[in-house]
Amino acid sequence: MSFDAVITSSGRTRHLGRPRPETRTAHPEGPLIGAVVVFTGSRSLSRHDAADLAAQHGMEVGSTVTNATPHLVVGDQYLSVLAGHRTSSKHRKAERMHAAGHPIRVFGATEFLDLVSSDH
């Protein structure tokens with residue numbers, strides 16, 4: 001599968017009854033300015049608080065994995081929510097993009113918290 005095919009939306013509308021993912025604009029003087037991050041899964045930190053923390057550190061917070069996404073933070077996953085998959089659809093898309101040559105980094109919520117706490 002080509003890289004463009006991996007990042008192209010399926011065009012399906014989802015009605016999952018979940019709120020829209022948090023997005024944020026980066027703080028212009030944050031130490032991680034220029035980085036883009038997307039969150040998936042549940043974390044000890046709420047999605048809202050994680051997005052705020054990322055933005056305060058200069059990261060643009062997106063809602064979907066695209067070719068402009070260099071970082072995906074994955075949290076604890078619940079199999080009942082993932083329709084039987086071991087990872088979220090965002091995580092699976094990131095893995096396909098990485099296999100197609102996109103330099104996306106997938107890391108856990110704890111590693112994200114370590115990253116932002118070391119960049120104060």
Side-chain angles (χ1 to χ4, degrees):
M1 180 180 292
S2 73
F3 178 71
D4 288 336
V6 169
I7 64 168
T8 301
S9 171
S10 67
R12 294 179 295 179
T13 302
R14 292 191 260 173
H15 302 284
L16 301 177
R18 290 187 232 151
R20 288 286 304 160
E22 300 287 338
T23 59
R24 297 284 187 283
T25 301
H27 185 284
E29 296 178 18
L32 299 173
I33 192 72
V36 178
V37 66
V38 173
F39 295 97
T40 187
S42 61
R43 294 152 305 285
S44 58
L45 193 61
S46 74
R47 190 175 298 258
H48 178 86
D49 290 344
D52 283 348
L53 188 58
Q56 289 168 5
H57 285 82
M59 300 178 94
E60 192 80 24
V61 180
S63 62
T64 60
V65 175
T66 70
N67 63 348
T69 308
H71 306 291
L72 176 67
V73 177
V74 298
D76 299 327
Q77 305 296 323
Y78 296 98
L79 295 179
S80 61
V81 176
L82 299 176
H85 294 283
R86 295 181 57 83
T87 57
S88 71
S89 61
K90 289 177 186 177
H91 193 167
R92 293 189 308 271
K93 184 173 185 179
E95 289 173 338
R96 291 191 308 268
M97 289 170 59
H98 182 73
H102 184 68
I104 189 167
R105 179 179 174 200
V106 178
F107 52 98
T110 300
E111 190 176 356
F112 165 73
L113 291 173
D114 289 345
L115 175 70
V116 295
S117 68
S118 68
D119 283 317
H120 279 45

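Of all heavy-atom pairs spanning V73 and V37, the tightest one is CG2-CG2, 3.6 Å. A pairwise comparison of heavy atoms in H102 and T69 identifies NE2-O, 3.1 Å as the closest pair. Residues A54 and F39 share a closest heavy-atom pair of CB-CZ, 4.1 Å. Residues G58 and A26 share a closest heavy-atom pair of O-CB, 3.0 Å. Of all heavy-atom pairs spanning V116 and H57, the tightest one is O-NE2, 3.0 Å.
Listed for the H71 side chain is no donor-acceptor partner under 3.5 Å among the backbone atoms of F112.
Residues V106 and H98 are not in side-chain contact: their nearest non-hydrogen atoms beyond the backbone lie 4.5 Å or more apart. Within the 4.5 Å cutoff, no side-chain heavy atoms of V65 are placed close to those of T40. V74 places none of its side-chain heavy atoms less than 4.5 Å from the side chain of T87.
Taking the side-chain contact (heavy atoms from CB on, under 4.5 Å) definition, one finds that A55 meets it with R24, sequence neighbours left out. Remark: V36 pairs with E60, P70 by the side-chain contact (heavy atoms from CB on, under 4.5 Å) rule, at least two apart or across chains.
Note on F107: it clusters hydrophobically with L53, by side-chain heavy-atom contacts below 4.5 Å among ILVMFWY residues.
Annotation: the span from L72 atom CG to K93 atom NZ amounts to 11.0 Å, rounded to 0.5 Å.
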